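In what follows, chains are A, B, ... by sequence order, proteins preceding strands, each numbered from 1. All of these numbers come straight from a predicted model, not from anything done at the bench.
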Amino acid sequence: MGALPVRTIGIWMLAVPIAILAIGLAFKGMAAANPQFFFTWPYFIEVLIAGLLQGVMYSLVALGFVLIFKASGIFNFAQGSMVLFAALTIVGFIEMGTHWTIAFFITAGIMVLLAISVERIVLRPLVNQPHIILFMATIGIFFFLDGFAQTIWGSDVKVLDIGIPKTPITVMENANPSDPNDPWQYGILINQYDLIAAAIGAVLVAVLAVFFQYTRTGRALRAVADDHQAALSVGIPLKTIWAIVWSVAGIVALVAGIVWGGKAGVQFSLALIALKALPVLILGGFTSIPGAIVGGLIIGAGEQLAEVFLGPLFGGAIQDWFAYMLALFVLLFRPQGLFGERIIERV
Amino acid sequence: MLYREAGQFKTSYGADQAIFPILQDKLGMLVILALAVVVVPLLASTYMLNSILIPFLVFSMAAIGLNLLTGYCGQLSLGTGGFMACGAFFAYKLTTAFPELHIILVFLLSGLGTAMVGILFGIPSLRIKGFYLAVATLAAQFFLVWMFNKFDWWTNYSASGVISAPPREVLPGIFVTGTESEPVTKYYFLLGFVAVLALIAKNLVRSRIGRAWMAIRDMDIAAEIIGIRPLWTKLSAFAISSFYIGIAGALWAFVYTGSVEALAFEINRSFQVLFMIIIGGLGSILGSFLGAAFIVLLPILLNAGMLALDPTISSALVSHIEFMIFGALIVFFLIVEPHGLARLWALAKEKLRLWPFPY
């Protein structure tokens with residue numbers, strides 16, 4: 001993950017608040033024109049923050065995709081079922097009476113084993129096949145892991161409690177308003193769980209960034225991502241690197257599984273979170289870790305805002321497809337995603 | 001010994017370009033068709049017709065459609081389920097609004113409607129490629145299913161959101177949809193429909209348009225340089241593919257299940273059809289049939305096999321193990337033969353040409 005140019009960061013820092021303001025004003029205008037809509041600035045910001053926090057959690061899943069795609073060019077559809085598998089495994093161990101920290105390390109070990117076996121059994125025989133074949137193979141892994149996890153641990157909804165409080169907190173409250181209709185008097189509600197989950201996500205990203213930037217293995221990973229053959233020729237063991245990347249992706253899946261599982265319960269639908277991460281990926285670009293994060297934030301916030309403020313227009317439940325449409329729209333202008341490497345083609 | 005083209009000389013370009021240039025292939029095809037027309041209905045039970053042969057034919061149609069797009073034109077699509085839903089709901093609206101319209105015409109029109117939708121969602125393919133496009137087609141999948149699920153207009157305001165195929169006759173007195181239709185008539189109807197459309201597809205891919213698709217698939221920039229218009233070629237692939245998939249969706253709803261809700265065309269349906277063409281063979285009409293047969297039969301056999309091993313096994317566990325074996329088999333197949341069953345068949349034919357005297 002190369003450092004972003006200062007100019008790009010500057011543009012984003014300017015553009016984002018303006019965009020948020022513009023969207024807010026647009027909604028406000030709609031509310032003024034049509035009394036069916038409800039709009040106040042605190043409510044808007046509340047929804048926005050909830051969406052952003054949700055977005056961080058999407059990024060967590062998307063991160064696993066990006067890691068594997070960068071290092072091996074494989075679009076790993078099985079990431080979602082890895083999340084499910086990891087979450088079910090850790091819940092299984094906790095239910096057996098293990099402390100959750102120990103269960104975490106056992107599960108991490110299992111994810112590493114899984115990564116190594118995927119590399120050996122599936123990827124190695126398929127070296128040099130077209131990307132679509134590898135993609136299909138990961139769909140095969142997706143089905144296998146889905147069935148495997150549920151065969152072992154059952155398909156009931158399980159509760160995963162790792163001690164994060166779920167009560168919302170209120171900020172920016174204006175308890176003694178001069179105006180009784182002041183919209184700020186109730187402040188903004190923020191879900192504490194989402195906040196802590198977002199913090200965990202941020203820490204994970206920071207650790208990964210340091211790992212990629214400063215360790216020997218990290219440098220090797222980046223070399224492989226840039227050019228397989230060149231990396232091989234300077235003596236980087238490609239197979240080891242792949243096993244490491246899949247292990248890291250497995251551990252990212254474990255963290256994502258814990259965070260999502262703690263929020264929504266551990267069950268089959270966890271595997272479908274991968275489908276939510278896909279628009280994040282194409283929006284941010286398959287090859288960019290910052291892209292996965294920014295993409296996640298945009299999708300999370302956009303989805304929440306659209307559902308709450310535009311949803312009533314269409315009869316609700318538009319968040320199933322809104323993220324995809326948003327990503328599609330961006331792709332029409334930037335085919336490689338917001339942060340993806342420019343696609344250069346030669347004949 | 002039997003399969004040898006020695007002595008079969010072509011004396012005209014026409015003969016050289018025939019669909020089955022070798023006599024044995026032509027005979028083999030006729031034998032298969034004769035078996036399908038005469039023998040199968042005599043032997044097959046109602047169960048076999050309803051739960052194996054009819055879905056097999058419907059899925060073959062969908063697989064041919066996706067194969068035209070993904071196998072021949074190289075545009076990976078995960079929106080098959082959405083397009084099938086389009087076909088099903090278009091056909092339902094058409095036939096309930098105009099009951100006097102002939103059912104074959106209804107199916108063809110709903111295919112045309114789906115082709116329009118396909119063109120619409122194919123437009124991004126002009127800008128984006130590969131996995132980006134695959135994810136973009138998911139937008140079609142989710143949006144279309146949401147739309148059919150959300151707006152009651154599509155189901156004629158039925159409370160359950162389920163559409164039921166009204167009885168329609170293909171010839172006076174012979175019903176192919178609705179509750180009074182016989183499985184055998186449905187089977188013949190489907191067989192005819194699929195055979196004709198498969199023939200058209202086979203000829204399409206051998207013609208100018210098919211060659212343009214393959215050129216785009218192999219290297220789109222190079223194709224553009226030699227004068228193939230990407231816009232027209234890609235959109236025509238999306239249109240024709242969606243036409244087939246739409247008809248398959250309509251047949252699914254009307255002839256196979258009889259009543260269907262939008263959620264039957266969820267993303268798993270897309271994957272199912274994608275598996276068919278991967279396992280059957282990308283870029284092969286024969287492969288579409290082989291893949292459809294494989295994917296339709298596999299769960300039935302797995303289910304029966306597990307129940308035979310342990311009759312007390314719970315149905316949830318069966319479905320989980322089924323998932324596992326299914327996934328493992330797909331990986332296995334990809335490793336053993338990434339080019340699918342059609343390629344295995346081609347290899348077998350190569351062997352047969354020399355057998356039993358390999359020198």
Bottom line for A:L126: the part with an atom under 4.5 Å from chain B's heavy atoms is side chain
Would you say that A:L275 contacts B:F142 through its side chain, given a criterion of any heavy-atom pair below 4.5 Å between the two side chains?
yes
Distance in Å, B:L133 CG paired with A:L331 CG, rounded so as to fall on 0.5 Å steps
9.5 Å
If you count heavy-atom pairs within less than 4.5 Å of chain A, which of B:L317, B:I335, B:I267, B:I330 leads?
B:I335
Chain B heavy atoms under 4.5 Å from A:A327: which part of the residue, side chain, backbone, both or neither?
neither
Let's go through A:M136 and B:I279 carefully: what are the C-alpha distance in whole Å and the side-chain angles of both, what is the deciding distance for side chain to side chain contact (heavy atoms under 4.5 Å, CB included) to 0.1 Å, and is it a yes or a no?
CA-CA 10 Å; A:M136 290 302 303; B:I279 288 185; over 6 Å; no
Would you say the rings of A:W321 and B:F143 are close, in the sense that their centroids are separated by under 6.0 Å?
yes
Kindly compute the distance separating CD1 (A:I133) from CG (B:L282), expressed to the nearest 0.5 Å.
6.0 Å
Considering residues, nucleotides and ligands other than A:R120, do more than 12 of their heavy atoms fall under 6.0 Å from its CZ?
no
Residue A:F77 versus chain B: region with a heavy atom under 4.5 Å:
side chain
Looking only at A:F135, A:F75, A:F322, A:F286, most heavy-atom pairs under 4.5 Å shared with chain B are made by A:F286
Using modelled atom types only, decide if a donor and an acceptor are shared between the side chain of B:R127 and the backbone of A:F333 within a distance under 3.5 Å.
yes
Here the gap from A:D146 atom CG to B:M324 atom CE, rounded to the nearest 0.5 Å, amounts to 11.5 Å
Please set out all donor-acceptor pairs under 3.5 angstrom arising from side-chain atoms of residues 291-306 of chain B, sequence neighbours excluded.
none

Measure B:L329 against the heavy atoms of chain A and call it side chain, backbone, both or neither at under 4.5 Å.
neither
Measure B:F271 against the heavy atoms of chain A and call it side chain, backbone, both or neither at under 4.5 Å.
side chain
Within the 6.0 Å centroid threshold, strictly below: B:F326 and A:F142
no
Among A:V122, A:T151, A:L328, single out the residue with the greatest number of heavy-atom pairs under 4.5 Å to chain B.
A:T151
Is the A:F143 ring parallel, tilted or perpendicular to the B:F323 ring (thresholds 30°, 60°)?
tilted
Measure distances from A:I141 to the heavy atoms of chain B and classify the residue's part below 4.5 Å as side chain, backbone, both or neither.
both
Per-residue contacts, residues 69-76 of chain B versus chain A, heavy atoms under 4.5 Å
B:T70, B:L76
Within the 4.5 Å heavy-atom criterion, are B:V331 and A:F144 side-chain neighbours or not?
no
Non-hydrogen side-chain atoms of B:H320 and A:F148 separated by less than 4.5 Å
no
Return the CG to CG distance between B:L334 and A:L134, rounded to the nearest 0.5 Å.
9.0 Å
Could you tell me if the side chain of B:P124 sits less than 4.5 Å from the side chain of A:L332, heavy atoms only?
yes
